[in-house]
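What follows is a set of notes on a single structure, which appears directly below.
From a predicted model like this one, the values you see are computed outputs, not experimental measurements. Counting starts at 1 for both ligands and their atoms, in listed order.
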Amino acid sequence: MNKILVIGALGQIGSELILALRKKYGTENVIAADLRPDTNKKLGEDGVFEVVDVMDKDELRNIIKKHNIDSIFHLAAILSAVGEKNPALCWNVNINGSFNVLDLGVELGLKRIIIPSSMAVWGKNVEKENVKQDSVLQPTSVYGITKVTGELICDYYVQRFGLDCRGLRYPGIISHGTLPGGGTTDYAVDIFYSAVKGEKYTCFLSEDTMLPMMFMDDCIKATMQLAEADFNKLEHHSGFNVTAMSFTPKQLAAEIKKIIPDFEIEYKPDFRQAIADSWVWSIDDSVARKEWGWKPDFDITAMTAEMIRVLSEKHKKGLI
Ligand code: NAD
Ligand code: AKB
């Protein structure tokens with residue numbers, strides 16, 4: 001990868017991935033792009049930022065050519081909760097956007113494309129615990145349906161055109177940088193903002209809703225590791241299972257209370273409960289461990305300590 005384009009660069013994952021990529025490949029070699037302008041110069045200060053709608057194929061082609069891009073991290077997407085409220089938008093962005101990226105990958109002879117998938121690919125008729133790499137994919141959320149379709153079309157481009165396309169099924173990603181963009185696992189980030197501010201948190205999932213999760217540092221590590229893996233050694237391509245931990249809101253609250261004993265939580269499940277109930281409880285990521293050496297660093301205790309440490313500092317400085 002010599003010249004990289006990150007689409008969806010202002011999002012929860014993109015805003016941190018771009019920093020890691022610029023550190024490794026050089027700021028001038030990593031171009032940020034998003035539908036939204038970088039109004040507070042979050043990413044544009046040190047490097048190039050382009051405004052682009054991934055559904056506008058001609059404009060995307062112009063940007064790829066203008067910067068001699070050879071690799072793309074395509075992170076632009078509509079997540080599960082926003083997707084349930086606007087299925088057509090979710091379909092258009094997630095399916096047509098990915099299709100444009102893949103098609104331009106073939107047309108312009110790009111070296112590598114990374115498109116994340118999600119644990120939302122699972123739904124009906126699948127084991128809830130330690131779900132396997134090649135288990136049944138029957139999601140019930142529109143977001144999950146777009147993610148399964150995205151995986152299948154990536155694999156089609158690998159087989160049909162020899163395009164180097166890769167992806168990971170992220171669990172819920174927990175971070176202290178950029179707020180999440182409208183998913184079902186967002187509670188596991190929001191809860192920390194309330195905790196460090198001394199506020200009671202109202203959780204939109206019930207206390208016993210078990211979901212797989214991962215701290216952002218591990219998410220970046222996994223993404224970079226897969227992106228740099230030897231293509232010839234990969235037996236799978238578009239949807240590697242990865243995970244780091246699984247917990248319920250009640251278990252996370254208990255972990256927070258170990259550091260902030262006065263922390264309080266109440267539960268008022270909303271429409272996101274049905275999405276969470278359709279998902280699995282834990283993931284078997286042994287295939288990623290075998291094919292490209294995946295291993296997480298953060299468990300629930302280490303993640304909680306780091307989230308509270310960083311967000312407490314931000315709160316003291318009046319930044320949140
Ligand atoms: P996000 O919602 O935080 O960010 C997505 C970014 O894409 C936003 O900045 C948005 O402005 C941009 N975008 C939306 N529509 C666009 C368009 N038409 N053209 C260009 N840009 C557009 O999402 P994220 O959490 O950073 O997720 C990145 C990827 O990882 C997605 O594919 C998502 O499905 C996947 N994923 C995320 C999580 C998670 O917990 N964050 C978990 C599983 C999978
Ligand atoms: C969401 O909740 O929609 C995302 C995801 C697990 O894909 N965080």
Side-chain angles (χ1 to χ4, degrees), residues 5-18 32-39 42-43 49-57 59-60 63 72-86 89-101 113-122 139 141-151 154 167-175 177-190 204-205 209 211-216 218-220 222-223 238-244 246 272-273 275-276 278-280 283:
L5 178 66
V6 180
I7 309 170
L10 290 176
Q12 186 194 6
I13 298 173
S15 59
E16 303 215 26
L17 179 66
I18 201 138
D34 204 288
L35 182 63
R36 298 176 284 153
D38 185 14
T39 37
K42 199 170 172 191
L43 302 177
F49 183 90
E50 297 274 9
V51 173
V52 71
D53 184 344
V54 74
M55 290 190 283
D56 185 342
K57 194 173 176 184
E59 192 48 32
L60 194 55
I63 288 171
I72 296 181
F73 288 76
H74 170 43
L75 306 178
I78 302 298
L79 275 69
S80 59
V82 177
E84 269 333 273
K85 293 203 159 161
N86 195 341
L89 177 71
C90 187
W91 182 266
N92 281 333
V93 174
N94 297 7
I95 300 293
N96 299 335
S98 295
F99 196 81
N100 285 344
V101 172
I113 293 175
I114 290 87
I115 304 184
S117 185
S118 162
M119 65 162 169
V121 292
W122 295 293
S141 68
V142 68
Y143 173 67
I145 292 167
T146 67
K147 286 294 171 187
V148 172
T149 312
E151 288 187 8
C154 278
L168 315 94
R169 292 171 179 154
Y170 296 135
I173 304 300
I174 301 170
S175 66
T178 301
L179 283 167
T184 303
T185 59
D186 293 11
Y187 92 83
V189 176
D190 301 342
F204 58 76
L205 296 182
T209 309
L211 288 172
M213 301 278 179
M214 181 181 284
F215 187 49
M216 181 61 86
D218 276 332
C219 170
I220 301 302
T223 309
S238 64
F240 279 99
N241 284 9
V242 283
T243 191
S246 285
R272 289 168 280 195
Q273 185 66 46
I275 304 173
S278 76
W279 290 353
V280 300
I283 296 171

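Closest approach of Gln12 and Val189 over heavy atoms only: NE2-CG2, 4.0 Å. Across Leu10 and Thr178, no two heavy atoms sit closer than the pair O-CG2, 3.7 Å. Shown here for Val121 and Ser117, the closest heavy-atom pair between the two residues is CG1-OG, 3.4 Å.
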**Study point:** Evaluation steps, side-chain contact (heavy atoms from CB on, under 4.5 Å), between Thr146 and Ile78
**Key:** CA-CA 10 Å; Thr146 67; Ile78 302 298; over 6 Å; no
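Formation of a donor-acceptor pair under 3.5 Å by the Asp186 side chain with backbone atoms of Gly183 is found in this model. Remark: side-chain polar atoms of Asn94 are not paired, donor with acceptor, to backbone N or O of Ala77 under 3.5 angstrom. Under a 3.5 Å cut-off, the side chain of Asn96 and the backbone N or O of Met55 do not form any donor-acceptor pair.
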Filter the ligand 2-protein atom pairs down to N or O on both sides and distance under 3.5 Å, then list them.
residue	atom	partner	partner atom	Å
ligand 2	2 (O)	Ser80	OG	3.3
ligand 2	2 (O)	Thr184	N	2.6
ligand 2	2 (O)	Thr185	N	3.1
ligand 2	2 (O)	Thr185	OG1	3.4
ligand 2	3 (O)	Ser80	N	3.1
ligand 2	3 (O)	Ser80	OG	2.5
ligand 2	7 (O)	Ser118	OG	2.6
ligand 2	7 (O)	Tyr143	OH	2.7
ligand 2	8 (N)	Thr185	OG1	2.8

List, pair by pair, the atoms of ligand 1 and of the protein that are both N or O and lie under 3.5 Å apart, giving the separation rounded to 0.1 Å.
residue	atom	partner	partner atom	Å
ligand 1	3 (O)	Gln12	N	2.8
ligand 1	9 (O)	Gly11	N	3.2
ligand 1	9 (O)	Asp34	OD1	3.4
ligand 1	9 (O)	Asp34	OD2	2.7
ligand 1	9 (O)	Arg36	NH2	2.7
ligand 1	11 (O)	Asp34	OD1	2.6
ligand 1	11 (O)	Arg36	NE	3.0
ligand 1	18 (N)	Asp53	OD1	2.8
ligand 1	19 (N)	Val54	N	2.9
ligand 1	21 (N)	Leu35	N	3.2
ligand 1	26 (O)	Gln12	N	3.3
ligand 1	26 (O)	Ile13	N	2.9
ligand 1	32 (O)	Lys147	NZ	2.8
ligand 1	34 (O)	Tyr143	OH	2.6
ligand 1	34 (O)	Lys147	NZ	3.0
ligand 1	40 (O)	Ile173	N	2.9
ligand 1	41 (N)	Gln12	OE1	2.9

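Between Trp279 and Tyr143, the two ring planes are tilted [angle within 30° to 60°].
In summary, the side chains of Thr184 and Ser80 do present a donor paired with an acceptor at a separation below 3.5 Å, with no hydrogens or angles considered.
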